Amino acid sequence: MKAELEKLRALCPHSPLVMLSSLAEGADLLCADAAEDLNLPLIAVLPRERTDYERDFSPEAVARFAHHCERAVQVFVSPNTEPPPPDGVSRAYAFRQAGIYVAAHCHILLALWDGEPGKYGCGTAEAVDFALNGSYDPAPGMSPRSGSNEAVIHIFTPRAESTEKTAGAVAVLGNREAVGDILRKTDDFNQNASKVSSEGNSRLPAGHDGDPALKKMETISRVAGKLSRQNARRYRRVLSLLAVASALVTFAFLMYDEAQAIWMILVCGVMLLGAWGCQRYAVRSDCHRRYIEYRALAECLRVQTYLRYAGSGIQASGLLSWTQQEETAWILDALCALTIGKVPGEPHDIRSCWVEAQREYHRKASGRAGEKLAVSDRTVRFALLLSVGLYLLGVGYELLCGGLIFRPTVTVADVELWRTVLKILMGTISAVTLFVANYYGRLSLPRTLSDHQKMERFYARMAAEIEKCGQTETVLTVLAREELTENGNWCSYQRDNKPDLSL
């Protein structure tokens with residue numbers, strides 16, 4: 001068991017490894033012992049109140065249980081994920097809810113298990129099924145966790161009465177490749193986050209510092225936003241350099257072909273090499289993916305922050321669309337991990353900090369996007385008019401000086417020289433027009449403007465809805481789901497704008 005934990009720690013050197021356990025006598029306490037030996041933090045998710053739960057333990061195990069409760073960074077009773085049974089809450093139901101909670105909030109489930117099917121609906125076999133198949137029925141919606149975004153490390157552990165001799169054999173269940181990708185991206189974010197200041201203004205009113213979970217969500221959201229903006233600048237710089245290199249390649253080739261400037265073939269090669277270097281930089285820096293996904297993480301955590309501040313137990317992870325769960329599974333896992341802890345306490349009014357603040361944000365962002373769109377339209381239109389003007393100039397030149405239809409009416413000393421100049425100018429300006437339009441097209445300015453306008457109208461409607469109905473769970477769900485969906489749509493069309501040499 002310790003060896004597997006050490007492997008995970010080595011796989012994610014920039015990420016804290018935390019043990020989440022219900023501390024049941026037997027395997028759970030063994031895992032807690034191993035975590036302590038490796039100096040790993042422990043979070044205790046108990047199925048029942050501690051004084052009641054202690055009655056399940058043998059005299060020898062009570063002391064160990066108490067010790068781990070004392071050293072745990074958090075100790076709380078698991079909230080009910082499934083609706084309570086009509087005949088009342090039983091011991092088995094309570095243990096089942098704790099098993100669901102652990103399976104739903106961990107990246108990897110460590111199962112000390114004999115591999116046999118469960119008998120009571122609340123044991124290790126069921127927890128493995130929760131993790132791999134999401135085979136439980138949450139009160140709202142469906143489970144977002146499955147074997148495609150969670151793995152189980154199965155350490156074969158026969159029961160005491162068993163004669164099995166292969167105890168300790170390890171098998172990894174679930175999609176190992178997908179989970180490996182989740183861990184790599186999570187560790188990559190944590191590594192980058194360690195280089196960025198977490199300082200910044202809070203989106204929430206003063207007086208929320210008493211909730212550590214809320215403070216942590218807001219801090220990580222702020223850092224993710226900063227990292228996204230950093231990578232956005234790199235991404236746009238790459239796009240602009242590719243556009244410039246493409247135009248210069250066209251100019252150099254026309255000079256080589258039309259003006260017989262043989263040395264321009266070298267310039268053409270240098271520009272092509274420069275464009276290739278820009279594209280390779282984009283790949284190595286991973287700036288496009290980080291720009292999109294770090295912003296998605298920031299937005300998801302911001303929504304979860306507002307939900308928690310509102311006193312709601314709604315999980316943003318359960319509101320993500322299927323596409324978002326598939327495309328950014330590491331963000332789904334991050335949301336699950338960062339919401340571990342006691343349910344929110346006192347509810348707060350979120351109209352000012354969430355609804356009105358977001359309405360104002362989208363109003364201003366709509367203005368900025370409109371200005372950028374106007375600049376892009378003017379730039380592309382100017383380049384297009386310049387291309388058309390040069391074309392008309394070329395036609396006029398051929399009519400008057402080149403003998404296109406009639407005999408030349410204007411004598412020019414070197415007809416071919418000016419014809420070559422016109423060819424180079426027309427070809428270069430046409431290429432510039434194409435590349436400029438492609439550059440602005442990849443910024444998706446019309447779509448961005450439309451999104452901001454729609455969201456401004458949405459928040460105006462939600463402000464009226466809260467005024468009429470109050471801050472209900474239904475209203476909060478609509479707010480959160482719509483905002484997460486809008487962010488998912490933004491991610492979807494931005495993914496199509498990857499910088500490459502086709503520019």
Side-chain angles (χ1 to χ4, degrees), residues 200-208 211 214-215 217-229 232 291-312 314-321 324 328 331 335 338-339 344 347-373 444-445 447-494:
N201 295 326
S202 172
R203 299 187 181 99
L204 302 177
H208 68 281
D211 187 342
L214 198 60
K215 188 175 181 180
M217 288 178 200
E218 193 175 23
T219 299
I220 296 176
S221 176
R222 187 185 302 122
V223 169
K226 289 181 179 180
L227 287 172
S228 176
R229 290 189 290 274
Y291 160 45
I292 295 170
E293 294 188 1
Y294 291 175
R295 173 171 163 176
L297 175 62
E299 294 296 307
C300 289
L301 281 174
R302 184 172 56 76
V303 169
Q304 187 65 67
T305 299
Y306 289 136
L307 288 171
R308 187 174 181 88
Y309 185 71
S312 172
I314 297 170
Q315 300 285 301
S317 57
L319 299 178
L320 294 175
S321 69
Q324 288 170 294
T328 51
I331 295 177
L335 285 174
L338 289 170
T339 51
H348 299 86
D349 191 334
I350 47 79
R351 280 178 294 183
S352 175
C353 64
W354 188 358
V355 180
E356 293 301 334
Q358 283 301 296
R359 181 184 179 185
E360 181 65 12
Y361 163 76
H362 285 289
R363 186 189 67 78
K364 291 180 178 179
S366 177
R368 292 193 298 269
E371 291 173 2
K372 291 178 182 178
L373 181 59
S444 303
L445 294 175
R447 182 70 181 271
T448 301
L449 174 61
S450 173
D451 284 351
H452 285 308
Q453 291 172 337
K454 284 186 291 188
M455 292 306 291
E456 182 186 356
R457 293 192 296 270
F458 168 72
Y459 282 109
R461 170 65 184 275
M462 294 311 296
E465 196 70 20
I466 292 176
E467 188 69 29
K468 181 176 70 173
C469 304
Q471 190 172 293
T472 64
E473 288 289 283
T474 300
V475 168
L476 292 173
T477 299
V478 172
L479 265 170
R481 179 179 284 118
E482 195 63 34
E483 194 163 335
L484 292 170
T485 299
E486 185 270 335
N487 183 249
N489 291 338
W490 178 86
C491 290
S492 182
Y493 63 73
Q494 287 293 341

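Since the structure is predicted, the reported quantities are computational estimates derived from the model, not experimental observations. Starting from 1, each residue takes its place in the sequence as its number.
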Would you name the heavy atoms of [X] and [Y] that are closest together and state the gap between them?
X	Y	answer
Q471	A310	NE2-CB, 3.5 Å
Q324	T328	O-OG1, 2.8 Å
L449	G370	CD1-N, 3.9 Å
A296	I331	CB-CD1, 3.7 Å
C353	L204	SG-CD2, 4.2 Å
S312	L476	CB-CD1, 3.8 Å

### Query
Which pairs with one or both residues in residues 453-484 pass ring-ring contact (aromatic ring centres under 6.0 Å, His included), sequence neighbours excluded?
H362-Y459
I need the [X] [atom1] to [Y] [atom2] distance, nearest 0.5 Å.
X	Y	atom1	atom2	result
R308	Q304	CZ	CD	8.0 Å
L214	T219	CG	OG1	9.5 Å
S221	L297	OG	CG	7.0 Å
L484	R481	CG	CZ	9.0 Å
T477	I314	OG1	CD1	3.0 Å
Q494	C491	CD	SG	8.5 Å

Within a strict 4.5 Å, meaning less than it, do heavy atoms of the [X] and [Y] side chains meet?
X	Y	answer
I466	I350	yes
S202	E218	yes
C300	L320	yes
N487	R295	yes

### Task
Would you please classify the geometry between the Y291 ring and the W490 ring as parallel, tilted or perpendicular, with 30° and 60° separating the classes?
perpendicular
### Query
Counting only heavy atoms not in K364, do more than 12 fall under 6.0 Å of its NZ?
no
### Query
Does atom CZ of R447 have more than 12 heavy-atom neighbours, drawn from other residues, nucleotides or ligands, at distances under 6.0 Å?
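Atom CZ in R447 is crowded, with more than 12 foreign heavy atoms closer than 6.0 Å.
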### Message
Could you go through Q315 and T339, starting from their C-alpha distance and side-chain angles, then the distance that decides it, and tell me whether this counts as side-chain hydrogen bond (donor to acceptor under 3.5 Å, both in side chains)?
### Response
CA-CA 8 Å; Q315 300 285 301; T339 51; 2.9 Å; yes
### Query
Salt bridge or not for R363 and E360, using N-O below 4.0 Å?
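The answer is yes: the pair qualifies as a salt bridge.
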### Message
Looking at R302 and E299, is any side-chain nitrogen of the basic one under 4.0 Å from a carboxylate oxygen of the acidic one?
### Response
yes
#### Entry: Counterpart residues, side chain to side chain donor-acceptor pair (under 3.5 Å), relative to E356 (two or more places apart)
none
### Query
Is the side chain of S492 donor-acceptor paired with the backbone N or O of G488 at a distance under 3.5 Å, no angle test?
no
### Message
I need the single residue from E483, R203, M462 that forms a side chain to side chain contact (heavy atoms under 4.5 Å, CB included) with W354. Which is it?
### Response
E483
